[in-house]
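Note that the coordinates shown come from a computational prediction; the quantities given were computed from them, not determined experimentally. In this chain, numbering begins with 1 at the start of the sequence shown.
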Amino acid sequence: MNWFLEKMRLYSEALSGIDDPRGEHLRNLEAQVRRLESEIARLEVLVEALRHRG
């Protein structure tokens, strides 16, 4: 039951503000996606460098 309640809490948090008329929720998500894409690119470069090293 606790697992279910935790999942519902996370789902509720994800949906809160989705009807934000100013679009701030969407802007925040876009910024987070950009940060994650940047981190992925950085990690890919690191992995490639380690492959060539070995």
Side-chain angles (χ1 to χ4, degrees):
M1 184 66 164
N2 286 336
W3 176 86
F4 176 75
L5 293 175
E6 179 62 17
K7 290 293 181 187
M8 290 307 297
R9 183 187 65 77
L10 293 173
Y11 185 72
S12 174
E13 286 177 8
L15 291 179
S16 70
I18 204 159
D19 61 342
D20 179 12
R22 294 174 293 159
E24 193 166 322
H25 183 71
L26 183 56
R27 280 192 298 274
N28 290 339
L29 287 175
E30 289 171 343
Q32 185 175 5
V33 167
R34 281 192 301 275
R35 283 190 303 271
L36 290 171
E37 287 174 338
S38 175
E39 182 66 12
I40 287 169
R42 186 186 71 77
L43 291 171
E44 286 175 336
V45 168
L46 180 61
V47 166
E48 195 59 34
L50 290 173
R51 278 192 186 137
H52 291 314
R53 196 180 205 197

**Q** What's the spacing between Glu48 CD and Leu43 CG if we round to 0.5 Å?
**A** 13.0 Å
**Q** Residues in side-chain contact (heavy atoms from CB on, under 4.5 Å) with Arg42, at least two apart?
**A** Glu39
**Q** Applying salt bridge (Lys or Arg N to Asp or Glu O under 4.0 Å), name anything that partners Glu37, two or more places apart in sequence or on another chain.
**A** none
**Q** With sequence neighbours left out, write down each residue that passes side-chain contact (heavy atoms from CB on, under 4.5 Å) with Ala41, or none if nothing qualifies.
**A** none
**Q** What pairs with Arg9 under salt bridge (Lys or Arg N to Asp or Glu O under 4.0 Å), at least two apart in sequence or on another chain?
**A** Glu6, Glu13
**Q** The criterion is salt bridge (Lys or Arg N to Asp or Glu O under 4.0 Å); which residues satisfy it with Arg53, sequence neighbours excluded?
**A** none
**Q** Do Trp3 and Met8 belong to the same hydrophobic cluster, where Ile, Leu, Val, Met, Phe, Trp and Tyr are linked whenever their side-chain heavy atoms lie under 4.5 Å apart, directly or via other members?
**A** yes
**Q** Only one of Leu46, Ile40, Val47 clears side-chain contact (heavy atoms from CB on, under 4.5 Å) with Glu44; which?
**A** Ile40
